[in-house]
There are 2 protein chains.
Amino acid sequence: MNDEQGSIERCSSNVVHKDVVDLVKERMPEDETLFDLAELFKVFGDTTRVKILFALFTAEMCVCDITALLGLTQSAVSHQLRVLKQARLVKCRKEGKMVYYSLDDEHVKQIFDQGLAHISHK
Amino acid sequence: MNDEQGSIERCSSNVVHKDVVDLVKERMPEDETLFDLAELFKVFGDTTRVKILFALFTAEMCVCDITALLGLTQSAVSHQLRVLKQARLVKCRKEGKMVYYSLDDEHVKQIFDQGLAHISHK
DNA sequence: CAAATATATGAATATATGCTCATATGTTAT
DNA sequence: ATAACATATGAGCATATATTCATATATTTG
């Protein structure tokens with residue numbers, strides 16, 4: 001209402017730097033976008049799924065092989081493959097009784113590389 | 001033990017394509033790396049934290065302003081800032097009673113951009 | 001020092017999530 | 001058709017996690 005230049009008062013849910021908050025608000029993506037982005041990263045946020053994706057960087061694999069590789073239950077693997085597929089990160093093709101999974105995204109590799117870069121200390 | 005070229009039998013925790021599994025195993029990063037990577041993405045896997053990081057792309061902000069921006073409790077924001085700080089994604093500087101948070105990572109922007117690229121349909 | 005304010009933190013709670021178990025579906029071979 | 005096998009899926013459980021509430025800490029002001 002007043003205080004044009006340096007607003008350095010009031011908080012408790014009230015804004016201290018209205019100008020900054022307004023600018024940030026302008027530049028914020030839509031809520032749905034932010035939600036979807038978080039949902040995507042949530043998929044990356046599990047060791048089993050990260051392992052599966054890394055495996056598929058190297059080669060297409062059937063569920064059986066992934067199960068053996070990870071030392072988990074076939075059920076557990078299948079459940080996670082479902083999650084990855086729903087996120088459109090992997091695709092599958094059926095050949096006889098077996099189902100072969102492979103990567104279905106060009107971005108994952110780069111996302112992982114950036115993530116690894118962050119991890120190997122800044 | 002036998003069957004050199006096309007091993008297309010046995011599963012149930014037994015490997016179907018031993019060659020593939022062996023190759024994949026070779027190229028897999030260490031378990032600790034995979035775990036840390038998943039932990040990092042777990043941090044990105046929450047709408048509130050994604051919002052905070054996006055906000056900080058634009059400007060350094062105090063807790064108060066972030067709280068107003070997100071329409072959450074000050075406590076909730078503080079808890080999430082803690083998570084982000086622990087992951088070395090944000091840093092903070094104190095000025096009087098206020099604490100200003102800003103980005104502390106060069107990779108987040110690129111990770112988010114790749115994530116957004118994936119989201120906006122393949 | 002006391003009051004006001006900004007931020008941090010521990011406990012409690014409600015929800016989400018990954019795995020296991022049991023079972024269903026679908027394919028191949030006998 | 002029956003048996004064997006590969007994969008998918010639903011229910012249940014145990015754990016993780018995001019938010020809230022209450023309160024602690026720290027800084028500034030009167």
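Naming convention: chains lettered A, B, ... in sequence-line order (proteins, then strands); numbering from 1 in each chain.
Spacing between atom CZ of B/F41 and atom P of D/dA16 amounts to 21 Å, rounded to whole angstrom units. Nucleotide C/dA6 holds its C1' atom 12 Å from the NE2 atom of A/H17, rounded to whole Å. Rounded to an integer number of Å, the gap from B/K85 NZ to C/dT9 P is 8 Å. Here the P atom of nucleotide C/dG18 and the CD atom of B/E39 are 12 Å apart, to the nearest Å. Between the CG atom of B/L81 and the C1' atom of C/dT9 there is a distance of 13 Å, rounded to whole Å. Rounded to whole Å, atom P of D/dT7 lies 11 Å from atom CE of A/M61. With rounding to whole Å, B/K94 atom NZ is found 10 Å from C/dT7 atom P. Taking atom CG of residue A/D46 and atom P of nucleotide C/dG18, one finds them 5 Å apart after rounding to whole Å.
Contacts of A/T73 with the nucleic acid, taken as non-hydrogen atoms under 4.0 Å apart, involve only primed sugar atoms and P, OP1 or OP2.
For B/K97, the listed nucleotide lying nearest its side chain is D/dT28; candidates were D/dT28, D/dT7, C/dT27. The side chain of A/S78 has D/dT7 as its nearest neighbour among D/dA18, D/dT7, C/dG26. For A/A76, the side-chain atoms get nearest to C/dT20 when compared with the rest of C/dG26, C/dT20, D/dA8. Among the nucleotides C/dC19, C/dT7, D/dT17, the one closest to any side-chain atom of A/T48 is C/dC19. When each of C/dT9, D/dT19, D/dT27 is scored by its nearest atom to the side-chain atoms of B/R82, the top-ranked nucleotide is C/dT9. The side chain of B/Q80 lies closest to D/dA18 when the candidates are D/dA18, D/dC5, C/dT9. Across D/dT7, C/dT7, D/dT19, the shortest atom-to-atom separation from the side chain of A/C62 is found for D/dT7. Among D/dT7, C/dG18, C/dT7, the nucleotide with an atom closest to any side-chain atom of A/R49 is C/dG18.
In terms of polar N and O atoms assigned as donor or acceptor, the side chain of B/S75 comes within less than 3.5 Å of the base of C/dT9 in a complementary pairing.
Nearer the 5' end of DNA chain C, as judged by each residue's closest nucleotide, is the contact made by B/V99, out of B/V99 and A/G45. Of the two residues near DNA chain D, B/Q74 and B/V83, the one whose nearest nucleotide lies more 5' is B/V83.
Between D/dA6 and A/Y101, no contact under 4.0 Å exists linking OP1 or OP2 to a side-chain N or O. OP1 or OP2 of C/dT17 lies within a sub-4.0 Å distance of a side-chain N or O belonging to A/K42.
Taken together through direct or relayed side-chain contacts under 4.5 Å among Ile, Leu, Val, Met, Phe, Trp and Tyr, B/F35 and A/F54 form parts of separate hydrophobic clusters.
Under a cutoff of 6.0 Å and an axis angle of 45°, A/K91 and A/Y101 do not form a cation-pi pair.
Taking a centre distance below 5.5 Å and an interplanar angle below 30 degrees as the stacking criterion, A/H79 does not stack against the six-membered base ring of C/dC19.
Salt bridge absent: A/K18 and B/D65 never bring a charged side-chain N and a carboxylate O closer than 4.0 Å.
Aromatic ring centres of B/F112 and B/H107 lie farther apart than the 6.0 Å criterion allows. Between A/Y100 and B/H17, the gap from one ring centroid to the other is short of 6.0 Å.
Distance alone, capped at 3.5 Å, places no donor-acceptor pair between the B/R27 side chain and the B/D22 backbone.
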